[in-house]
Amino acid sequence: MVFGVDERKDTAMIYDALLALPLFTGMSLSELRNIISKTKVDFGKSAKGKTIIKSGQRCGKLIFIISGQVMSTATAEGRLYSVGETLNAPMAIEPQAVFGRFQEYTRTVKAVTETSMMTIDKNEIFKLISHSLIIRINFVNIFATKLQKMDQALWRKPYAEDELELKISDFIRVHCATPVGEKQIHIKMQTLAEILNTKRIYISEALNAMQARGLVSLSRGKIDVPELKNLA
């Protein structure tokens, strides 16, 4: 098969993006090409502003964002607060949702820019896992790392009364899927105070101190974090 120049560029971009993902870590370009050539995959695009998946939607496939930018939003029970994250390609959307007892997406994902996607059906994922030791190991590593982070969060030492900024930062961090990038937390100060077992005035003082240092930007019912890794 002979590809045109644009098609070859697109194909090269797809392979480069996939090799940057944890699922394909340690795989050579030739190995990846061989696997993809034997796998039924679907390619598509999402226009700016379009919803790609919705929270609670059944997950029967693995979606890779090859190019573009998306907004991933998780909402707490009772809609008390929500956390939005701006994520850049390449990325896989909630690979852990494909397996386990609760096979549903926990976040709503919308395209911030036009995005290119590759989708693999669950049956094809089983074939990939069966035929590739590297993918089996990477899947285990993805799930193990997620569980380890959750376990570490449970056993973190309590913060002192004068460490409220650290408590706020930790609250934001544990609710995010990725440790870097721009985050948007829609929450009332009173709600945050109740969650962190303190008074609203102390939350207000701590957030305003963080805003003065450029760590967050405050507006009514909203906390913007320009870069999560800059939080204490």
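Just so you know, residue 1 is the first one in the sequence shown, and it goes up from there. These numbers were taken from a predicted model, which means no experiment stands behind them.
In the hydrophobic cluster analysis, where Ile, Leu, Val, Met, Phe, Trp and Tyr join through side-chain heavy atoms closer than 4.5 angstrom, I185 is grouped apart from V109. V225 and M71 end up in different hydrophobic clusters when Ile, Leu, Val, Met, Phe, Trp and Tyr side chains are linked at under 4.5 Å. I201 and I187 fall within a single hydrophobic cluster, where Ile, Leu, Val, Met, Phe, Trp and Tyr are joined by side-chain heavy atoms under 4.5 Å apart, directly or via other members. Taking hydrophobic clusters as Ile, Leu, Val, Met, Phe, Trp and Tyr residues chained together by side-chain heavy-atom distances below 4.5 Å, V70 shares a cluster with Y105.
The two residues L215 and P226 come nearest to each other via the heavy atoms O-CD, 3.3 Å. Of all non-hydrogen atoms in S169 and M210, the two that sit nearest each other are OG-CE, 3.7 Å. For K61 against V98, the heavy-atom pair with the smallest separation is O-CG2, 3.8 Å.
Under the rule for a side-chain contact (heavy atoms from CB on, under 4.5 Å), L154 has no partner lying at least two apart in sequence or in another chain. Checked against side-chain contact (heavy atoms from CB on, under 4.5 Å), N208 has the following partners two or more places apart in sequence or in another chain: S204, Q211, L218. Not counting sequence neighbours, the partners of A89 by the side-chain contact (heavy atoms from CB on, under 4.5 Å) test are I65. Taking F99 as the reference, F126, F139 meet the ring-ring contact (aromatic ring centres under 6.0 Å, His included) condition, with sequence neighbours excluded. In this structure, the side-chain contact (heavy atoms from CB on, under 4.5 Å) partners of V180, at least two apart in sequence or on a different chain, are E227, K229.
Residues I35 and S132 meet the side-chain proximity criterion, which asks for heavy atoms closer than 4.5 Å. Side-chain atoms of L207 and E205, non-hydrogen and from C-beta on, never get closer than 4.5 Å to each other. At a threshold of 4.5 Å between non-hydrogen side-chain atoms, the residues L23 and L62 count as touching. Using a 4.5 Å heavy-atom threshold, the side chains of D224 and K183 count as separate. The shortest side-chain heavy-atom distance between T73 and V83 does not fall under the 4.5 Å cut-off. The closest side-chain heavy-atom distance from I134 to F24 is not below 4.5 Å. Contact check for I120 versus L128: side-chain heavy atoms found under the 4.5 Å cut-off. For the pair T178/E85, a side-chain contact is recorded, criterion being any heavy-atom separation below 4.5 Å from C-beta on.
Heavy-atom neighbours of N197 CG from other residues, nucleotides or ligands within 6.0 Å: at or below the threshold of 12. Applying the 6.0 Å contact sphere to NZ of K122 captures more than 12 heavy atoms from other residues, nucleotides or ligands. The 12-atom threshold is not exceeded at CZ of R79, counting heavy atoms of other residues, nucleotides or ligands nearer than 6.0 Å.
Note: F64 and F43 fail the aromatic proximity criterion, with ring centroids not under 6.0 Å apart.
Evaluation of the salt bridge (Lys or Arg N to Asp or Glu O under 4.0 Å) test over residues 28-50, restricted to residues two or more places apart or in two chains, returns none.
Q57 contributes atom CD, which lies 11.0 Å from atom CD1 of I52 (distance to the nearest 0.5 angstrom).
Judged by distance alone, the side chain of T198 and the main-chain N or O of A193 form no donor-acceptor pair under 3.5 Å.
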Determine whether I168 and I203 satisfy the following criterion, side chain to side chain contact (heavy atoms under 4.5 Å, CB included), listing intermediate values before the conclusion. CA-CA 8 Å; I168 293 171; I203 292 291; 4.1 Å; yes

I would like to know whether I66 and M13 meet side chain to side chain contact (heavy atoms under 4.5 Å, CB included); could you show each step before the answer? CA-CA 8 Å; I66 302 300; M13 182 196 72; 3.8 Å; yes

